[in-house]
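Working notes, beginning with the structure itself.
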Amino acid sequence: MISGLTIGAALASLAVGARDLPWGDVLVALFRFDPSRAADVIIWEMRVTRTITGLAVGAALAAAGLVMQQISRNPLADPGILGINGGAALGVVLSIWFLGWRDPLSQSGVAVAGAGLAALFVYLLGRGGRAADSAAILRLTLAGIAVSALCLAVVSAVVLIDQGTRNLYRFWTIGSLAEDSQGRLWWLLPLIAAGLAIAALMSRKMDALALGADSARSFGISVPVTVGAALLSVALLAGGAVALAGPIGFVGLIVPHVTRRLVGPSILPGLLVAVPMGGAVLLLCDVVGRILARPAEIQTGIILALIGGPVFLALMAKVVR
Amino acid sequence: MSLNIDSISIAYGTHLVIKGLSLTIPKGAVTAIIGPNGCGKSTLLRGIAGLLPLQRGRIVLDENPVAQMRPSALARRLALLPQAPLAPEGIRVQELVTRGRTPWLRPFRPPAAADRDAVERAMHAAGVAEMRHRRVSDLSGGQRQRVWIAMAFAQETEWLLLDEPTTWLDLPHQLEVLHLIRRQSSEASRSMVMTLHDISLAARFADHVIALRDGDLVAQGPAHQVITPEVLKRSFGLKAQVIPDPLHGTPLVLPR
């Protein structure tokens, strides 16, 4: 059912845009490409890349959110809320401003490094106390929100000061799939795949850590190694997603709540659901953004924030009493 | 064969909680560690399980020094059920008990037949098999504690350490849990080591009792030798009379 949803979202993403294409034409273009038809060119030149980008970004953010929520036992964890997307964005913007780095490889590298540093920083800030109680959840969440606000404030400042950076990042920093991402996509897909592979490989250890550090050690599992692997995985996933589409929030918050309902709290089955579902959610939001403001577009990040903001508030009311 | 603790010291930060403690825990028996709050009971269990580093001394498990064992190998021979383990949101009983198999599972392989059998045995031993599909968060405190104990049983180690397995339970549920531990020890011939607050319950359910004070050994041995007015005075600072329990014949503590 979820793969059906994902395929439907992908087809919608191919069909809907400034110029709508009939579904039949989409399928024909996909399977029998003819460069003389305008529809085929639109689909292959613009929308296929955009659709793959959307699937990869949604999958990466949902997987990152799942890993973060399980090992921190924090139902409010999300790469956007906990400042990891902000760290990645800050890394990219500073590298452009100071160092003039614009090629896809170095941008991917600084995005992952920025995400990793932010993840480590927020983890260290939020650590301590009994991990189960709502005070600890609140501390981690507030630490993340502070880091996020700080990073994004610096990003805004740099973009205001520097015209060149501004032009590059006007769309990017509010989260959009529309920017030309073809060059970056092929660098970033392997990074996102590596993040997913680490999460899958370490899933049993992370599941053990979700029972508390003492239980994990009693199962013979190294807590620092498992936390390090989780942070690396989150940095690759969120950093890769941000380098592709800017800091998009709330996918990583919402999707893990749905996967827990469907397949329970273990990480590996959760990933199998969260990866296609995250892709579908992001694409659907992107399609909605294309429909609402036609022929212009509303950036995906804005649509997700409109949906995700109220969800976050509802979850917070439930968790922190 | 036994668990030998040889002049160990354990510190939390700079505070030395256990100072040069030596004792022997017999194999195949139920051992209770008693002592006042802060005497180092939990610290001792955590040190034995390798959760805390030893400042000095060594622990020898069936003639193998624990410090030389890989954590994954130790986890197949010795398990610790912490005092307050955390259940992930939404987890169901059978899934949680299956996590006890973590040291035995191979990456990416689903639990093997042997693992599923171990989970079944553990759930039946702890009396939680009929609630296997329920959410742990929906259970009562007593049921939840039995689920955690089932998870520890499923690890199928020769040695099982339980940190305050009866805290927060009412008396009937305390008895239920202690019967469960006792029965598992004799039926699966496992060695159980637990910390307990209630001295009379320790006397009734343990073959071997260890009394601590300030990280030091006050007495160890069979309950009737350890639980005496003199040891209670030295360990707890408690003035008490000890009489034979009219039902079970074990020492019964009557605080003055």
Legend entry - Which atoms of B/R101 approach chain A - backbone, side chain, both or neither, heavy atom under 4.5 Å: neither

Legend entry - A/R204 side, atom CZ; B/T102 side, atom OG1 - distance, nearest 0.5 Å: 7.5 Å

Legend entry - B/Q155 (side chain) donor-acceptor with A/S218 (main chain) under 3.5 angstrom: yes

Legend entry - Per-residue contact mode, A/I221 against chain B (heavy atom under 4.5 angstrom): side chain

Legend entry - Leading residue by heavy atom contact count with chain B [cutoff under 4.5 Å; candidates A/S203, A/S215, A/A208]: A/S215

Inset, instruction - Check whether more than 12 heavy atoms from other residues, nucleotides or ligands sit under 6.0 Å from atom NZ of B/K41, and answer yes or no. - result: yes

Legend entry - Under 3.5 Å: donor-acceptor pair, side chain of B/R99, backbone of A/D207: yes

Legend entry - Atom group of B/L96 that falls short of 4.5 Å from chain A, counting heavy atoms: side chain

Inset, instruction - Could you tell me which portion of A/S266 (side chain, backbone, both or neither) has an atom closer than 4.5 angstrom to a non-hydrogen atom of chain B? - result: both

Inset, instruction - Heavy-atom distances under 4.5 Å only: say whether A/A200 touches chain B with side chain, backbone, both or neither. - result: both

Legend entry - Contact leader toward chain B among A/A210, A/A216, A/G212, where contacts are heavy-atom pairs under 4.5 Å: A/A210

Inset, instruction - To the nearest 0.5 Å, tell me how far B/L80 CG sits from A/F219 CZ. - result: 10.0 Å

Legend entry - chain A contact via B/I91 - which portion, at a heavy-atom distance below 4.5 Å: both

Inset, instruction - Test B/M151 against A/L211 for side-chain contact (heavy atoms from CB on, under 4.5 Å), laying out the working first. - result: CA-CA 11 Å; B/M151 185 189 86; A/L211 305 181; 3.8 Å; yes

Inset, instruction - Can you tell which part of A/L268 gets under 4.5 Å to a heavy atom of chain B, answering side chain, backbone, both or neither? - result: side chain

Inset, instruction - Sort A/Q70 into side chain, backbone, both or neither according to what part of it lies under 4.5 angstrom from a heavy atom of chain B. - result: side chain

Inset, instruction - Measure B/R77 against the heavy atoms of chain A and call it side chain, backbone, both or neither at under 4.5 Å. - result: neither

Inset, instruction - Could you check if a side-chain atom of B/E89 sits within less than 4.5 angstrom of a side-chain atom of A/P265, using non-hydrogen atoms only? - result: no

